[in-house]
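Contents: one structure, followed by commentary.
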Amino acid sequence: MSKKSNSSRRDFISNTIKGGLALGFGLSAVSPLTSCAAVKNIPVAVKTGFDQQPLPYAYNALENAIDAMTMEIHYSKHAAGYAKNVKEAAAAEAVDMTKPLEDVLAKISNYSAKMRNNAGGHYNHEMFWQCMRPKTDDNKPTGKLMEAITAQFTSFEYFKKQFGDAAKTRFGSGWAWLYINKNKKLTIGSTPNQDNPLMDLSDIKGFPVLAIDVWEHAYYLKYQNKRAEYVDNWWQLVNWDYVETRFNSLA
Ligand code: MN3
């Protein structure tokens with residue numbers, strides 16, 4: 001994808017967030033998150049549709065930490081499958097696909113297991129691709145996000161250790177998250193399978209700002225059983241601009 005379309009995408013995200021900010025506060029009754037018991041008055045600033053969006057970089061752009069074949073299979077097979085299946089489930093269960101996916105996630109307990117697995121799978125991957133970018137040296141957040149991370153976790157290094165531990169110790173397939181909880185605090189947690197913190201039945205609830213996929217399909221070709229190595233290398237790929245955008249949308 002060209003720089004132009006990357007920047008268009010950023011503009012789109014930025015505009016979407018401005019729209020979310022403009023509409024979210026004071027109109028929380030229409031926020032999909034209000035039906036999620038643990039999350040109140042958090043506007044959905046970054047909305048996700050049912051279609052798979054283009055990968056914002058080439059398959060080989062992340063090769064310092066994730067090889068091109070893993071990226072290609074992960075995006076064009078696994079994630080494409082979730083996108084296809086969530087639309088099948090939505091058609092079967094009379095879901096209005098012009099509305100954001102977040103509406104479904106907030107009430108996921110009302111839907112089928114197929115919807116839970118694929119709505120989660122689609123949302124999580126759409127977010128995951130955006131959470132990464134080609135390697136950046138001395139990669140770390142700035143601004144209010146860095147202040148909040150330091151305030152909540154003592155230091156950026158200690159935050160990375162705790163988040164990394166959540167990713168490394170998630171048993172079986174799942175995700176680790178940095179999310180904003182109901183008290184508007186940054187929190188680290190993990191979920192099994194394709195669950196996420198937006199789901200009403202999730203053990204952890206809130207608005208996710210950073211996600212790592214720890215299913216074996218995300219790393220096995222390059223790392224085999226060494227998940228910890230994948231997680232440690234992944235930090236150089238984190239797109240802190242995107243994470244900050246998500247964070248600032250609720251600040
Ligand atoms: Mn995956």
Side-chain angles (χ1 to χ4, degrees), residues 1-21 24 33 42-49 51-59 61-66 71 74-75 79 83 100-102 105 120-150 152-153 156 159-160 163-164 166-167 175-180 184 186-189 196-198 206-214 218 230-231 233-251:
M1 178 174 278
S2 70
K3 278 186 178 164
K4 184 170 183 297
S5 41
N6 266 334
S7 104
S8 301
R9 188 182 176 99
R10 274 196 301 275
D11 290 347
F12 169 76
I13 291 167
S14 170
N15 290 336
T16 306
I17 282 166
K18 283 174 197 149
L21 279 173
L33 277 173
I42 297 180
V44 174
V46 183
K47 293 180 179 173
T48 304
D51 291 320
Q52 188 179 36
Q53 297 301 306
L55 196 65
Y57 33 73
Y59 291 135
L62 310 181
E63 278 203 320
N64 302 81
I66 304 175
M71 284 302 298
H74 199 176
Y75 175 83
L101 188 58
E102 285 86 348
L105 297 173
H122 177 56
Y123 182 92
N124 297 351
H125 287 88
E126 289 287 292
M127 178 176 165
F128 181 55
W129 311 132
Q130 296 295 323
C131 282
M132 299 187 290
R133 64 184 172 196
K135 178 186 175 180
T136 310
D137 289 328
D138 195 26
N139 192 24
K140 57 182 154 189
T142 55
K144 285 183 182 162
L145 175 58
M146 185 58 133
E147 283 171 27
I149 286 174
T150 307
Q152 194 65 28
F153 305 104
F156 180 56
F159 154 73
K160 278 169 59 177
F163 184 96
W175 294 74
W177 306 91
L178 177 65
Y179 63 99
I180 301 172
K184 302 208 166 185
L186 283 174
T187 313
I188 290 166
N196 69 46
L198 291 174
F207 181 76
V209 296
L210 175 66
I212 182 171
D213 186 344
V214 294
Y230 156 66
V231 173
N233 281 345
W234 179 78
W235 287 112
Q236 60 190 304
L237 302 179
V238 173
N239 184 347
W240 287 111
D241 292 333
Y242 177 70
V243 180
E244 285 179 37
T245 298
R246 293 185 71 97
F247 176 77
N248 290 336
S249 75
L250 299 186

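Below, each value reflects all heavy atoms present in this structure, side chains not excepted, and no hydrogens, waters or symmetry copies.
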- Item | Contact summary for Pro134 and Leu62, nearest pair of heavy atoms | N-CD2, 3.7 Å

- Which residues satisfy the ring-ring contact (aromatic ring centres under 6.0 Å, His included) test with Tyr59, sequence neighbours excluded? none

- For Glu147, all residues meeting side-chain contact (heavy atoms from CB on, under 4.5 Å), sequence neighbours excluded: none

- Note on the structure: Output for pair (Gln236 CD, Asp137 CG), nearest 0.5 Å, gives 8.5 Å

- Which pair of heavy atoms, one from Gln130 and one from Pro56, lies closest together, and at what distance? NE2-CG, 3.6 Å

- Task: Would you mind reporting whether Pro141 and Phe247 have side-chain heavy atoms less than 4.5 Å apart?
- Result: no

- If you take all heavy atoms of Ala218 and Tyr230, which pair is closest and at what distance? CB-OH, 3.8 Å

- Message: Could you tell me if the side chain of Val238 sits less than 4.5 Å from the side chain of Ile212, heavy atoms only?
- Response: no

- Query: With no hydrogens and no angle check, is any side-chain donor or acceptor of Tyr57 less than 3.5 Å from a backbone partner on Trp129?
  - Reply: yes

- Message: Whether the side chain of Glu126 engages the backbone of Tyr123 through a donor-acceptor N/O pair (distance < 3.5 Å, no angle test) should be reported.
- Response: no

- Message: Does Lys160, at its NZ atom, have more than 12 non-hydrogen atoms belonging to other residues, nucleotides or ligands within less than 6.0 Å?
- Response: yes

- What pair of heavy atoms forms the shortest contact from Met127 to Val209, and how long is it? CE-C, 3.4 Å

- Message: Within the structure provided, determine whether Trp177 and Asn124 are in side-chain contact (heavy-atom separation under 4.5 Å).
- Response: yes

- Query: What is the minimum heavy-atom distance between Ala166 and Ile188, and which atoms define it?
  - Reply: CB-CG2, 3.7 Å

- Task: Could you tell me how the ring of His74 sits relative to the ring of His125: parallel (under 30°), tilted (30 to 60°) or perpendicular (over 60°)?
- Result: perpendicular

- Non-hydrogen atoms of His122 and Ala83 that approach each other most closely: ND1-CB, 3.6 Å

- Any side-chain heavy atom of Phe153 within less than 4.5 Å of one from Leu178? yes

- Check: Phe163 and Val231 side chains under 4.5 Å, non-hydrogen atoms: no

- Query: Does the gap between the ring centers of Phe159 and Trp235 come in under 6.0 Å?
  - Reply: yes

- Message: Can you classify the ring geometry of Phe156 versus Trp240 as parallel (below 30°), tilted (30 to 60°) or perpendicular (above 60°)?
- Response: perpendicular

